[in-house]
Amino acid sequence: MAAKEFDVVVIGAGPGGYVAAIRAAQLGLKTAVVEREHMGGICLNWGCIPTKALLRSAEVYHTMHRAKDFGLSAENISFDLDAVVKRSRGVAKQLNGGVGHLLKKNKVTTIMGTATIPAKGKVSVKTDKGTEELVAKNIIVATGARARELPGLEADGDLVWTYKHALVPQKMPKKLLVIGSGAIGIEFASFYNTLGADTTVVEVQDRILPVEDAEIAAFAKKAFTKQGIKIKEKAMVKKLDRGNGKVTAHIEMGGKTTTEEFDTVISAVGIVANTGGIGLEEVGVKIDRSFAVTDEFCRTGVEGIYVIGDATNGPWLAHKASHEGVMVAEHIAGGHPHPVKPETIAGCTYCHPQIASVGLTEEKAKAAGYKIKVGRFPFIGNGKAIALGEPEGMVKTVFDEKTGELLGAHMVGAEVTEMIQGYVIGQKLETTEADLMETVFPHPTLSEMMHESVLDAWDRAIHI
């Protein structure tokens, strides 16, 4: 059978992959996308979307327990874990079908199978019906990543889970250990703790949420501790002894190793890029610690081969992957897109309270040599936050004193994952502190805290 010819072949239909395929097709390029498992990739099926559905159930459950605070009455509050999971999977399935519809609408050829790159400009796909050979002037690799597993801490799906197991639990953990306090670890710790699990988080670095601003991380730690989560920082799980229905964790902290029993362990210690077995290195693509090395336009150095999303440079976030997909498609089509700048990508963690940030932390801004001004505003000073019954939180902004440039913004509290985009747009438009001060924020909204935090950096805050 003759090889099918395309202008672009995308390997992987996660957020970056399917967006790249759709944009390429919109630009008039004959495009195919190859997917091994699920349209929508990990994010839609096993990551961003289903975890948010689970966390929404936990949020509602938490609020129901506070009914009296709102003048309401609710008795015998309980949850059905199977039903919570079923809802989460249903949300993922609905969006999975939507991706297929969008690809079809844009006349993208979809092939379910496992792709390899035997040579530059060629893609071989093993399908249920045999092997299909594709020829493409441009190949976009969007194969994503998987959970990193440390020796001795490997998941078994029963006692030790990865995020995939944690999304479809066969049981409700009674005593849970979460290894790693990045976004994935903290989100699952928050979910299971809210539903009643006795939860412990172990973090090897000196604070939880290590990529966040130190002040925000400290605020979050206090909130988590108040909720009953036990947090061990500068600690390491050295070994797991698995027994009949229990795990004994050997935890090293402060030079001493202690043991503690748990019935469930979630390992959330980072990711490994899915770049092996594709043929990338064989055709000349450089790989560094599993991640493909690319330039600002996601070019690999091998003509016609691009790598986007979690398979290349961080931050490893779905929205970054999607924008890279658009950028690469437009680059291939002869356009002049702006490269995606990692420092302008917002990060969001959907625990309770939520955490969101963009740009430099206070610590990093100082290390970069900036003379800075820092503004803060607490949720307790905001009318909408009090009315919502969510008075715990903070908005923090970091500015270059000399130019008024917004260097970074960091938030913890209710709905901050929605608010952060205001600062992202401000950074993109290169607004200064004067622009933000002169902007009229609607009342009563949580967004007013964004305004007050800017004012506070110049000692002009009104409501505190």
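As a basis for the values below, the full set of heavy atoms in this structure was taken, side chains included, without hydrogen atoms, waters or symmetry mates. Counting begins at 1 with the first residue of the sequence.
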Thr264 side, atom OG1; Leu176 side, atom CG - distance, nearest 0.5 Å = 6.0 Å

Whether Tyr61 and Phe79 hold their rings parallel, tilted or perpendicular, with breakpoints at 30° and 60° = perpendicular

Taking every non-hydrogen atom, the tightest pair across Ser88 and Ala53 = CA-CB, 3.7 Å

I would like to know whether Val9 and Val34 meet side-chain contact (heavy atoms from CB on, under 4.5 Å); could you show each step before the answer?
-> CA-CA 7 Å; Val9 169; Val34 181; 4.2 Å; yes

May I ask you to decide if Ile208's main-chain N or O and Glu233's side chain share a donor-acceptor pair within less than 3.5 Å?
-> yes

In Glu37, Arg36, Met39, His38, the residue satisfying side-chain contact (heavy atoms from CB on, under 4.5 Å) with Met112 is Met39

Heavy atoms, side chains only, cut-off 4.5 Å: are Leu406 and Thr431 in contact?
-> no

Sub-3.5 Å donor-acceptor pair from the side chain of Asn193 to the main-chain atoms of Ser190, do we have one?
-> no

Ile251 CD1 to Phe262 CZ distance, which is reported to the nearest 0.5 Å | 5.0 Å

Note: Met419 and Met450 closest approach over all heavy atoms is O-CE, 3.4 Å

Do Thr300 side-chain atoms and Val302 backbone N/O form a donor-acceptor pair below 3.5 Å?
-> yes

Of the options Lys396, Lys222, Lys221, which is the one that meets Glu215 in a salt bridge (Lys or Arg N to Asp or Glu O under 4.0 Å)?
-> Lys396

NZ/Lys52: more than 12 non-hydrogen atoms of other groups inside 6.0 Å | yes

Would you indicate whether His165, at its atom NE2, is surrounded by more than 12 heavy atoms from other residues, nucleotides or ligands within a distance under 6.0 Å?
-> yes

Decide yes or no on side-chain contact (heavy atoms from CB on, under 4.5 Å) for Leu153 and Val160, but give the supporting numbers first.
-> CA-CA 8 Å; Leu153 310 183; Val160 184; 5.8 Å; no

Quick one: does Ser267's side chain get under 4.5 Å of Glu149's, heavy atoms only?
-> no

Qualifying side chain to side chain donor-acceptor pair (under 3.5 Å) pairs with a residue from residues 6-33, counting only residues at least two apart or across chains | Arg23-Gln26, Arg23-Glu330

When rounded to the nearest 0.5 angstrom, what distance separates CD in Glu415 from OG in Ser447?
-> 12.5 Å

Verify, without hydrogens or angle tests, whether Glu324 (side chain) and Gly309 (backbone) share a donor-acceptor contact under 3.5 angstrom.
-> yes

Sub-3.5 Å donor-acceptor pair from the side chain of His323 to the main-chain atoms of Pro339, do we have one?
-> no

Crowded around Lys122 NZ? As in, over 12 foreign heavy atoms under 6.0 Å?
-> no

Take Thr110 and Glu35 through the side-chain contact (heavy atoms from CB on, under 4.5 Å) test and state the conclusion after the steps.
-> CA-CA 8 Å; Thr110 59; Glu35 172 54 44; over 6 Å; no

Is the number of heavy atoms from other residues, nucleotides or ligands within 6.0 Å of NZ (Lys230) greater than 12?
-> yes

Do Tyr192 side-chain atoms and Ala166 backbone N/O form a donor-acceptor pair below 3.5 Å?
-> yes

Separation between CG of Leu195 and NE2 of His62, rounded to the nearest 0.5 Å = 12.0 Å

Heavy-atom closest pair (Leu177 atom, Val202 atom, distance to 0.1 Å) is CD1-CG2, 3.6 Å

Hey, is CD on Glu343 packed in by over 12 heavy atoms from elsewhere, all under 6.0 Å?
-> yes

Do Thr275 side-chain atoms and Ser290 backbone N/O form a donor-acceptor pair below 3.5 Å?
-> yes

Would a distance-only check, ignoring hydrogens and angles, find a side-chain to backbone donor-acceptor pair under 3.5 Å from Thr417 to Cys348?
-> no

Residue pairs passing the ring pair (Phe, Tyr, Trp, His ring centres under 6.0 Å) test with at least one member in residues 265-304, sequence neighbours excluded, are Phe291-Trp316, Phe297-His331

Heavy-atom closest pair (Leu103 atom, Ala21 atom, distance to 0.1 Å) is CD2-CB, 4.1 Å

Please examine the side chains of Thr131 and Ser124, heavy atoms only from C-beta on, and report whether any two atoms are closer than 4.5 Å.
-> yes

For Arg242, the side chain to side chain donor-acceptor pair (under 3.5 Å) test, sequence neighbours excluded, returns Asp156

Side-chain touch Leu209/Ile216, heavy atoms, less than 4.5 angstrom | no

Using a 4.5 Å cut-off on heavy atoms from C-beta on, say whether the side chain of Gln227 contacts that of Phe224.
-> yes

Does the side chain of Asp82 come within less than 4.5 Å of Lys86's, by heavy atoms?
-> no

State whether the side chain of Glu203 and the backbone N or O of Ser181 hold a donor-acceptor pair below 3.5 Å, judged by distance alone.
-> yes

Might you point out which heavy atoms bring Val328 and Cys298 nearest each other, and give the distance in Å?
-> CG2-CB, 3.7 Å

Salt bridge check: are Arg376 and Glu362 linked by an N-O gap of less than 4.0 Å?
-> yes

Under a 4.5 Å cut-off applied to non-hydrogen side-chain atoms, are His451 and Thr439 in contact?
-> no

Roughly how far, to the nearest 0.5 Å, is CE of Met449 from CE of Met394?
-> 11.5 Å

Atom CD1 of Ile278: over 12 foreign heavy atoms under 6.0 Å = yes

Donor on one side chain, acceptor on other, Thr344 and Gln427, under 3.5 Å | no

Can you name the closest pair of heavy atoms from Phe399 and Gly404 and give their distance?
-> CD2-O, 3.5 Å

Could you check if a side-chain atom of Lys171 sits within less than 4.5 angstrom of a side-chain atom of Asp263, using non-hydrogen atoms only?
-> yes

Does any N or O in the side chain of Gln205 come within less than 3.5 Å of the main-chain N or O of Arg207, such that one atom is a donor and the other an acceptor?
-> no

Glu296 atom CD: more than 12 heavy-atom contacts under 6.0 Å | yes

Crowding at CD, Glu154 (>12 non-hydrogen neighbours, <6.0 Å) = yes

side-chain contact (heavy atoms from CB on, under 4.5 Å) evaluation trace for Val237 with Leu150 | CA-CA 10 Å; Val237 178; Leu150 299 179; over 6 Å; no

How many angstroms lie between CD1 in Ile308 and OG1 in Thr143, if you round to the nearest 0.5 Å?
-> 9.5 Å

